[in-house]
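Working notes, structure below.
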Amino acid sequence: MASSNKQTKAERQQIAREKARQMQEEQRRQEKRRSLMVRWGVVGAVVVVIAVVVGVIFMNSSRAIPEAGPVPSAANEYGGIALTSTSELAPGDEGFTEVDNAEAAQPENTGEAATSVPGGEARPAGEPAQIIVYADANCVYCADFEQQNSGQMAEWLDAGEVTVEYRMLDYLDNPATGNYSSRAGNALACMAEQSPENYNSFLTQIFASYATKQGEGLSDDELQEMASGLGADISGCIDGNEYRPFVTHTGLQAREAQIAGTPSVWVQGENWDQSTPFAEYVEGKIAELS
């Protein structure tokens, strides 16, 4: 007598198909796990590589920058370089030939807005109005300020109605950009020393480049090429980071003066608070001196 538990051919085929389906499903799960592990492995490797590259850039940058060094002959003790026309710079402070930041203390941030700046003064009648601009080459608001006002300032400069002093800061230094703020400040100091007649044009082009670089910053090669386009060779000065200690000094001086952000613009010793259009504000100061 046949057993009632004996499976039919159709049942055996159904069981076999089910086992095959389960095996295929398990294989798919294993392959998915392996794929995820590979993907996360690749992501992890990329993160490690990026971290290593950024670390190397940061360490190399730190090692390459001395704490002491020379200053441009047109610089004043506050880190400023002043234009008296679009192609001429004012003489720097006599005796101010080098800086040493080795023992410089990091200035305390009081949180209070500056009410005056060192070297800012109200010039007397008959003299050009004094404009001081604290700026950072990687600052979008500084780029906007220059785009809107550099042409007008050039007209005032060549008319002898103002002097314009730039104090270029390192506030937005970032290893991801190779500390572009300091590198650009160094390049500008190089230009001030080696080709002062091109300083203003070089500064204008640096800020104009922000529109295409979007905070990425220019490479040293691009800064050298830009200078070359103006007829100046400052490659050795840029490669040697000759004025990087000077840029550090300028940043320390600005922090000491409680300059919290950029641009910070001072006219005749007073802070332009942007409540009045810049051109209108300066024209009023120029009128007071005539």
Side-chain angles (χ1 to χ4, degrees), residues 72 74-75 78-89 131-158 162-174 176-232 234 237-238 243-244 246-247 250-251 254 259-267 271-272 274 277-279 281-282:
Y78 313 116
I81 294 175
L83 289 148
T84 56
S85 76
T86 53
S87 59
E88 296 177 294
L89 301 179
I131 299 174
I132 296 175
V133 182
Y134 287 92
D136 187 305
N138 210 24
C139 161
V140 62
Y141 303 111
C142 300
D144 288 344
F145 174 80
E146 288 298 319
Q147 190 273 327
Q148 294 165 13
N149 299 296
S150 61
Q152 177 61 76
M153 286 193 290
E155 291 183 16
W156 290 328
L157 277 166
D158 285 337
V162 303
T163 62
V164 182
E165 178 182 327
Y166 284 92
R167 300 178 181 179
M168 298 302 298
L169 307 182
D170 56 0
Y171 280 17
L172 297 176
D173 265 352
N174 188 319
T177 65
N179 293 329
Y180 174 59
S181 299
S182 285
R183 290 191 297 104
N186 174 68
L188 280 160
C190 293
M191 185 66 84
E193 182 64 23
Q194 298 186 19
S195 187
E197 67 275 12
N198 289 308
Y199 180 85
N200 189 61
S201 296
F202 191 48
L203 182 143
T204 299
Q205 289 188 21
I206 284 176
F207 279 115
S209 73
Y210 192 96
T212 56
K213 289 296 183 176
Q214 294 295 315
E216 175 186 345
L218 297 166
S219 68
D220 283 352
D221 286 345
E222 288 172 321
L223 286 166
Q224 292 169 17
E225 183 177 353
M226 184 179 288
S228 179
L230 293 169
I234 57 174
C237 182
I238 288 178
Y243 296 113
R244 287 286 289 273
F246 168 69
V247 178
T250 306
I259 301 300
T262 56
S264 181
V265 185
W266 300 75
V267 185
N271 185 219
W272 171 58
Q274 303 185 35
F278 182 68
Y281 183 80
V282 176

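Computed over heavy atoms, backbone and side chain alike; hydrogens, waters and symmetry mates excluded. Throughout, residue positions are numbered sequentially from 1 according to the sequence presented.
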Mind checking whether N149 and W156 have side chains closer than 4.5 Å, heavy atoms only?
no
Approximate separation, where rounding is to 0.5 Å, of I234 CD1 and L223 CG
7.5 Å
Step by step, work out the side chain to side chain contact (heavy atoms under 4.5 Å, CB included) result for T163 and L83.
CA-CA 6 Å; T163 62; L83 289 148; over 6 Å; no
Whether N186 side chain and Y243 backbone form a donor-acceptor pair below 3.5 Å:
yes
Interatomic spacing from CD in E193 to SG in C237 - rounded to 0.5 Å:
8.0 Å
Is it the case that atom CD in Q152 sees more than 12 heavy atoms from other parts of the structure closer than 6.0 Å?
yes
Reported CG-to-CD1 distance for the pair L203 and I81, which is rounded to 0.5 angstrom
9.5 Å
Using every non-hydrogen atom in the two residues, find where G251 and D170 come nearest and quote the distance to one decimal.
CA-OD1, 3.7 Å
Could you tell me whether the side chain of T204 and the main chain of N200 form a donor-acceptor pair under 3.5 Å?
yes
Please check if the side chain of N179 supplies one atom and the backbone of N174 the other of a donor-acceptor pair under 3.5 Å.
yes
Please confirm whether the backbone N or O of G215 pairs with a side-chain atom of N138, one donor and one acceptor, at under 3.5 Å?
yes
Quick one: OG on S87 to CG on D158, what's the gap to the nearest 0.5 Å?
6.5 Å
Please step through side chain to side chain contact (heavy atoms under 4.5 Å, CB included) for the pair T84 and L89, ending with a clear verdict.
CA-CA 6 Å; T84 56; L89 301 179; over 6 Å; no
For side chain to side chain contact (heavy atoms under 4.5 Å, CB included), just list the numbers for T250 and M168, CA-CA rounded to whole Å, side-chain angles, deciding distance to a tenth of an Å, and then say yes or no.
CA-CA 7 Å; T250 306; M168 298 302 298; 5.8 Å; no
When you compare the side chain of K213 with that of L218, does any pair of heavy atoms fall below 4.5 Å?
yes
Using only atom types and a distance under 3.5 Å, with no angle test, would you say the side chain of N271 pairs donor to acceptor with the backbone of S264?
no
If you apply the rule ring-ring contact (aromatic ring centres under 6.0 Å, His included), what do you find for Y134 with Y166, and how did you get there?
CA-CA 6 Å; Y134 287 92; Y166 284 92; over 10 Å; no
Quick one: closest heavy-atom pair of S209 and Y180, and the distance?
OG-OH, 4.2 Å
Rounded to the nearest 0.5 Å, what separates atom OG in S201 from atom CD1 in I206?
11.0 Å
So, for F202 and A187, which heavy atoms are closest and what is the spacing to 0.1 Å?
CE2-O, 3.6 Å
Roughly how far, to the nearest 0.5 Å, is the CD1 atom of I131 from the CG atom of L157?
7.5 Å
So which atom in A227 and which in M191 form the shortest heavy-atom distance, rounded to 0.1 Å?
CB-CE, 3.6 Å
Please give me the minimum heavy-atom distance between C142 and P263, naming the atom from each residue.
SG-N, 3.5 Å
Give the ring-plane orientation class for W272 versus F145, where under 30° counts as parallel, over 60° as perpendicular and anything between as tilted.
tilted
Only counting residues at least two apart or in another chain, list the ones meeting salt bridge (charged side-chain N to carboxylate O under 4.0 Å, His left out) with D220.
R183
Is any side-chain heavy atom of R167 closer than 4.5 Å to a side-chain heavy atom of Y78?
yes
Under the side chain to side chain contact (heavy atoms under 4.5 Å, CB included) test, which residues partner Q205, sequence neighbours left out?
M226, L230
If you look at every heavy atom in F207 and A143, which pair is closest and at what distance?
O-CB, 3.7 Å
Indicate whether the side chain of D136 and that of T262 have a donor and an acceptor atom separated by less than 3.5 Å.
no
Apply the test side chain to side chain contact (heavy atoms under 4.5 Å, CB included) to residues V162 and M153: give CA-CA distance (whole Å), side-chain angles for both, the deciding distance (0.1 Å), then the verdict.
CA-CA 8 Å; V162 303; M153 286 193 290; 5.7 Å; no
Salt bridge (charged side-chain N to carboxylate O under 4.0 Å, His left out) partners for E197, two or more places apart:
none
